Peer 1: 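Please see the structure below; I have some questions.
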Protein chains: 2
Amino acid sequence: MLTSQRRALISARLANDGQIVAGELAREFDLSEDTIRRDLRDMAAAGLLKRVHGGALPVTPPLPDLESRQTMSTDVKKRLGRKAAELVRAGQLIFIDGGTTNAELVRALPRDMALTIATHSPVIAALLEKHRAEVILIGGRLYKHSMVSTGAAALAAIGMLRPDIFFLGATAIHPTHGLSTGDYEEAAIKRAIAARSAETVTLLTEEKFGAVSPHHIAGIEEIAGLIIPASMAPETSAPYRQKAVRIIEA
Amino acid sequence: MLTSQRRALISARLANDGQIVAGELAREFDLSEDTIRRDLRDMAAAGLLKRVHGGALPVTPPLPDLESRQTMSTDVKKRLGRKAAELVRAGQLIFIDGGTTNAELVRALPRDMALTIATHSPVIAALLEKHRAEVILIGGRLYKHSMVSTGAAALAAIGMLRPDIFFLGATAIHPTHGLSTGDYEEAAIKRAIAARSAETVTLLTEEKFGAVSPHHIAGIEEIAGLIIPASMAPETSAPYRQKAVRIIEA
DNA sequence: ATAAATCATGCAATATCGTGCAGAGTCAAG
DNA sequence: CTTGACTCTGCACGATATTGCATGATTTAT
């Protein structure tokens with residue numbers, strides 16, 4: 001059996017079963033576990049799956065909806081948010097994407113800072129109630145999974161803005177595949193905002209590293225600042241340090 | 001079963017049941033309690049859950065702003081909201097104004113009803129996350145006091161809609177001056193929505209009766225339904241019963 | 001206060017991992 | 001045909017991860 005054939009079978013099986021156990025595959029293909037491990041390692045590098053101890057899982061585990069994400073690693077997100085808030089200068093126009101990590105950025109922003117803040121997330125907008133900042137809400141069809149406006153109306157409204165900083169939210173980052181997310185419309189909106197912004201900054205928790213989602217947003221070299229947890233394993237962050245314009249640890 | 005898979009299941013179960021009992025999980029996965037305890041310990045360290053004696057609980061999601069609004073909601077508003085929700089039919093396009101009373105209407109709406117809901121309030125939009133309804137968010141400059149979109153962009157977006165019902169929020173109602181509110185831009189938006197809607201309904205708590213705010217929204221005779229507390233004094237409501245198209249007590 | 005349940009820790013057995021190395025096969029240039 | 005570069009594969013070996021058990025401490029319930 002050809003290697004590429006075998007890897008195609010592994011992909012198919014992963015899609016079917018939702019998991020891969022290295023030992024099982026070795027028996028099934030009558031190969032050493034080493035070979036399977038090498039397959040899994042290479043496929044993980046190519047973003048086809050997520051390597052875990054004992055086997056592999058699909059890259060985009062269907063698990064975390066917004067609610068469970070709200071409960072995740074809030075301490076880490078608070079630190080990222082505080083570090084990101086330090087990048088903001090009075091008088092700027094900043095665009096804040098949706099997501100719980102960006103919500104922590106909002107909480108860390110000084111309430112009395114004179115700013116203009118644009119967002120297409122009603123959740124982010126609701127958090128800005130007590131801030132002095134002028135808030136521009138981008139409307140559109142609300143995409144429920146991540147609770148952001150999408151569609152032509154949102155794109156048109158974004159066309160009116162020239163943000164100084166775009167705080168981008170993404171579900172996955174990969175050394176070669178860059179930043180990506182799960183929804184087509186959402187990705188289109190994020191690309192549009194990034195294209196109009198002077199610089200794009202993104203806050204990333206550790207579990208997003210090495211993952212790939214279906215829809216591309218931007219390459220790592222296009223991002224002016226990656227804010228990552230200081231607690232990350234050096235070998236996890238190493239491949240990104242090569243390409244990133246600037247990495248800020250929080 | 002892979003370790004990371006098991007932990008994902010624990011997360012999912014926690015989100016679903018709201019709690020984890022270590023012993024139960026051990027039997028369920030056919031593993032020693034030590035392993036489960038180690039999982040819980042590590043996941044707690046990662047901020048995924050809160051460890052307690054005997055098991056684990058979800059990390060309390062701190063959404064102070066929305067929470068404080070929830071605590072403000074009174075029984076009266078809940079009753080008004082439930083009554084208003086009964087007016088909504090599947091398939092309709094309804095427009096929901098901002099305000100805590102309309103928030104109760106949203107909570108009373110069946111989550112599985114097929115609807116299109118438009119709103120210019122990010123707070124209302126955020127509450128619709130779990131509903132099946134299609135949500136259209138109206139963007140614009142956010143008016144902080146009542147947290148609704150205003151301005152030309154909002155007006156333009158509203159021009160695209162033909163709502164079946166507009167659930168209007170107002171700060172004051174008066175027998176001769178009708179419905180009014182405190183902000184000029186806000187009043188203009190409300191008038192625009194009402195003008196395009198087949199009918200306008202408003203939910204009113206007792207303290208708003210007899211008051212007048214600077215900016216006129218609509219006369220009482222223009223409102224298809226006034227939803228008022230059944231507990232109101234008859235002499236307070238009497239002047240309105242003359243002019244109103246329909247009064248619904250809740 | 002006492003018993004039962006739950007917990008943290010250390011330890012040992014097993015599983016899995018990464019890496020280096022060597023043999024077998026492939027392919028193209030000489 | 002031969003040679004050398006290359007890839008794929010299996011094996012060895014030390015490192016790391018996972019798990020169950022034993023032990024003693026701590027917490028909870030009665």
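For clarity, every value in this text was computed on a predicted model and none was experimentally measured. Note on naming: letters A, B, ... go to the chains in the order of the sequence lines (proteins, then strands), and numbering restarts at 1 for each one.
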Peer 1: Please work out if Val52(A) contacts a base, only the sugar-phosphate, or nothing of the nucleic acid, heavy-atom cut-off 4.0 Å.
Peer 2: sugar-phosphate
Peer 1: List the residues meeting side chain to side chain contact (heavy atoms under 4.5 Å, CB included) with Arg89(A), not counting sequence neighbours, and say none if there are none.
Peer 2: Gln92(A)
Peer 1: Over the length of the helix from dA1(C)-dT30(D) to dG30(C)-dC1(D), how much do the five-pair end axes diverge, rounded to 10 degrees?
Peer 2: 30°
Peer 1: How many Å lie between CD1 on Ile36(A) and P on dC8(D), as a whole number?
Peer 2: 14 Å
Peer 1: Name all residues meeting the side-chain hydrogen bond (donor to acceptor under 3.5 Å, both in side chains) criterion together with Thr35(B); count only those two or more places apart in sequence or in a different chain, and write none if there are none.
Peer 2: Ser32(B)
Peer 1: Once each nucleotide of nucleotides 19-30 of chain D is scored for protein heavy atoms under 4.0 Å, what B/S/- sequence comes out, 5' to 3'?
Peer 2: BBBB----SS--
Peer 1: Is Asp112(A) salt-bridged to Arg132(A), cutoff N-O under 4.0 Å?
Peer 2: no
Peer 1: CZ of Arg37(A) versus C1' of dG18(C): gap in Å, rounded?
Peer 2: 8 Å
Peer 1: With no hydrogens and no angle check, is any side-chain donor or acceptor of Arg79(A) less than 3.5 Å from a backbone partner on Ile228(A)?
Peer 2: no
Peer 1: Between Arg41(A) (CZ) and dT16(C) (P), how many Å, whole number?
Peer 2: 17 Å
Peer 1: Do Thr200(A) and Glu222(A) have side-chain N/O donor and acceptor atoms under 3.5 Å apart?
Peer 2: no
Peer 1: Is it true that His120(A) and Phe95(A) have ring centroids separated by less than 6.0 Å?
Peer 2: yes
Peer 1: Could you state the CG-P distance from Leu40(B) to dA5(C), rounded to the nearest angstrom?
Peer 2: 19 Å
Peer 1: Tell me the interatomic distance from Gln5(A), atom CD, to dC8(D), atom P, rounded to whole angstroms.
Peer 2: 14 Å
Peer 1: With sequence neighbours excluded, tell me which residues meet side chain to side chain contact (heavy atoms under 4.5 Å, CB included) with Val21(A).
Peer 2: Gln19(A), Glu24(A), Leu2(B)
Peer 1: Mind checking what makes side-chain hydrogen bond (donor to acceptor under 3.5 Å, both in side chains) contact with His215(A), not counting sequence neighbours?
Peer 2: none
